[in-house]
Amino acid sequence: MTLAEKILAAHASRDRVSPGELVNVKVDLVLANDITAPIAIREFERIGVDRVFDPRKVVMVPDHFVPNKDIPSAEQAKMMREFALAQGVVYYEVGQAGIEHVLLPEQGLVVPGDVVIGADSHTCTYGALGAFATGMGSTDIASAMACGEIWMKVPPTIRFVYHGRLPRWIGGKDLILYTISRIGVDGALYAAMEFTGEAIADLSMDGRFTMANMAIEAGAKAGIFRVDDKTLDYVRARASRAYHVYEPDDDAECNTTVEYDVSRLEPQVAFPHLPSNARPISQVGTINIDQVVIGSCTNGRLEDLQVAAQIIRGRKIHPKVRCIIIPGTQQVYLDALRRGLVEEFVSAGAVVSTPTCGPCLGGYMGILAAGERCVSTTNRNFVGRMGSRDSEVYLAGPAVAAASAILGRIAGPEEVTN
Amino acid sequence: MKLTGRAHRYGANVDTDAIIPARYLNTSDPAELAQHCMEDIDSEFLNRVRPGDIIVADTNFGCGSSREHAPAAIKAAGISCVIAKSFARIFFRNSINTGLPILESEEAVDETDPGDILEVELATGEIVNVTKNKSFRAKPYPDFMLELIGAGGLIEHTRRKLGQGGDTQ
């Protein structure tokens, strides 16, 4: 069995499972946020049970529209807060919280071997920890909150092997944008993407979270990494409970194996309006920009801010660019503050926001007007994603985003640092 | 149940931001959401749509976010059914769970033009293009899915599983 099949079999109390089988799996964690929880709570109440199956295994995080942008979003956050406090589930208030998929691993709430479902499509982020994690809708979450299990179709596994050493400035975002550009936005539909190879062994945990996070942009059910020493170092310092490391069988059958040599990979930029429209930076041409966003559940971790700071440090944001930097959690914010990054960003002329999903989904904190262009470290560049239907989002990693903020056009990091 | 309506034809990868932009997700009221359904990719949709109409699209319909607001907005806009070559997996689950009928058929999609009158028999998966006088058969649902639909959706199914509000412990 593959890693994904091992984890699902264990949670379905089965010796083995095969792709295509429908199984009921026990869940270790159920997640919802301020947009998806209100519907989940209403549906949960329709079921007729009084309490969630286990309050320690239900997590609610206000992150999309908080600190609240308007009255209706405040009402939604309030409804979730009241339910969370009444049920005693795990809840993080503004000021302790942050973007759910940065927060949960950081707090040790997700550990290797878990099955996690969340009413947010980027729940797949936790695959970086060797967990099986997938996004679902609010009604599925309501059902799981009541009974602690959920039905799933066992996905086939597609194994992606990345050969070679990563060149300077190349990170998880470049690897995953490149991958999606090769296989398309439905290239892994319903499948589990397993990421492996020597380039992955060298990749930091923050880089792995970025890759797993965007598995959904290829249509995948999950993105998953084998647990190694880097994972264990990360988890040991944080784990809130015992964990189990699953290993794929040596003879595990993958649906497909895809191999890439990434030793000469260039920074990638995904053009509007699909994450699969990636081009290497050398083929971007001259594209002037109005805004840069560095943050999100994709690239809002400390390493992302450190990469951006290496480029922004001692320079000025281009006068025609609004550069918005959003640490993913309060802890990332504090770490960035203590290391002097926040001062460097502000001195350069960037805005540093409190943790929020805000601009990524066109909520607030950086909405685009018609005709405007943004380079963003977020995960989607669909029509109207960050504002006007006539605006454009170019997806990239923090190095390209920071370099673009300095030069006022889409640029590679070496155009600034050389 | 037989559904009849005119086809609204879309291409591949119609994403959840196109179905209902996130700027409207400060509510989960289906009627409010429906007022913005498809507005970023088809500003005429709301003027054109009539109760019972059918969305017909290429591959990967509903890709992107997990927002259940997407099938809710489509349903509340009056759409009776979505036919696509394939669906993104979260959208597929959400539609089944919330009672928006969805059917997969490559042939029906290829043979449908905007405005064609379609008839859909959900029980058999038969799709008839009345305008073109052609009929197609949708991919059948797995048995478990039929059980879910038969139970009246996931919430009703869960209620039964837990003995209608009995103690979960």
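Below, read A as the first sequence line, B as the second, and so on, with proteins coming before strands; counting in each chain starts at 1. Only a predicted model underlies this, so the values are computations on that prediction, with no experimental measurement involved.
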Could you tell me which portion of A/Gln76 (side chain, backbone, both or neither) has an atom closer than 4.5 angstrom to a non-hydrogen atom of chain B?
side chain

Look up atom CE in A/Met136 and atom CG in B/Leu154, then write down how far apart they are to the nearest 0.5 Å.
10.0 Å

Backbone N or O of B/Glu39 within a donor-acceptor pair of the A/Arg389 side chain at under 3.5 Å?
yes

Side chain, backbone, both or neither of A/Ile35 within contact of chain B (heavy atoms, under 4.5 Å):
both

Give the member of A/Ala40, A/Ser138, A/Ser73 that has the highest number of heavy-atom pairs under 4.5 Å with chain B.
A/Ser138

Does CG belonging to B/Asn47 count more than 12 external heavy atoms closer than 6.0 Å?
yes

Under a 4.5 Å cutoff for heavy-atom pairs, which residue among B/Thr16, B/Asp15, B/Leu148 has the most contacts with chain A?
B/Asp15

Checking A/Leu274 against chain B: side chain, backbone, both or neither under 4.5 Å from a heavy atom?
side chain

Considering only heavy atoms, which portion of A/Arg46 lies under 4.5 Å from any heavy atom of chain B: side chain, backbone, both, or neither?
both

Relative to chain B, which segment of A/Ile150 carries a heavy atom at a distance below 4.5 Å: side chain, backbone, both, or neither?
side chain

Straight-line distance of A/Asp186 CG to B/Ser86 OG, nearest 0.5 Å
5.5 Å

Most heavy-atom pairs under 4.5 Å with chain B, out of A/Asn379, A/Leu189, A/Asp140, A/Leu361, belong to A/Asp140

Once you round to the nearest 0.5 Å, how far does CZ of A/Phe382 lie from CD1 of B/Ile19?
10.0 Å

A/His122 side chain near B/Ser65 side chain, heavy-atom distance below 4.5 Å
no

Any salt bridge (Lys or Arg N to Asp or Glu O under 4.0 Å) involving residues 65-74 of chain B? Give me the pairs, sequence neighbours left out, ordered by first then second residue.
B/Asp17-B/Arg67

Trace of the side-chain contact (heavy atoms from CB on, under 4.5 Å) decision for A/Lys153 with B/Met145
CA-CA 11 Å; A/Lys153 189 156 87 173; B/Met145 214 74 83; over 6 Å; no

Between B/Thr158 and A/Ser143, do the side chains contain a donor N or O and an acceptor N or O under 3.5 Å apart?
yes

Of A/Gly135, A/Gly384, A/Ala220, the largest count of non-hydrogen pairs under 4.5 angstrom with chain B goes to A/Gly135

Max heavy-atom pairs within cutoff under 4.5 Å with chain B, candidates A/Lys221, A/His64, A/His273, goes to A/Lys221

Nearest 0.5 Å, please: how far is CD1 in A/Ile41 from OG in B/Ser28?
10.0 Å

Select all residues of residues 98-137 of chain B having any heavy atom within less than 4.5 Å of some heavy atom of chain A, and report them by number, or 'none'.
B/Thr98

Rounded to the nearest 0.5 Å, what's the gap from CZ on A/Phe44 to CD1 on B/Ile155? Could you check?
9.5 Å

Between A/Thr134 and B/Arg89, does any side-chain donor sit less than 3.5 Å from a side-chain acceptor?
yes

Under 4.5 Å from any heavy atom of chain B, what part of A/Phe65 do you find: side chain, backbone, both or neither?
side chain

Kindly give the heavy-atom pair with the smallest separation between B/Gly64 and A/Ser121, and that separation in Å.
O-CB, 3.5 Å

Testing the basics here: between A/Leu22 and B/Pro142, what is the closest heavy-atom pair and its distance to 0.1 Å?
CD1-CB, 4.4 Å

Please classify the contact of A/Asp70 with chain B as side chain, backbone, both or neither, using a heavy-atom distance under 4.5 Å.
side chain

Counting only heavy atoms closer than 4.5 Å, note whether B/Asn97 contacts chain A via side chain, backbone, both or neither.
both

Identify which part of A/Ile216 has an atom lying under 4.5 Å from any heavy atom of chain B, answering side chain, backbone, both or neither.
side chain

Dump the intermediate steps for side-chain contact (heavy atoms from CB on, under 4.5 Å) on A/Ile47 and B/Glu156, then the final yes or no.
CA-CA 7 Å; A/Ile47 295 170; B/Glu156 197 52 42; over 6 Å; no

When rounded to the nearest 0.5 angstrom, what distance separates NE2 in B/His157 from CH2 in A/Trp151?
10.5 Å

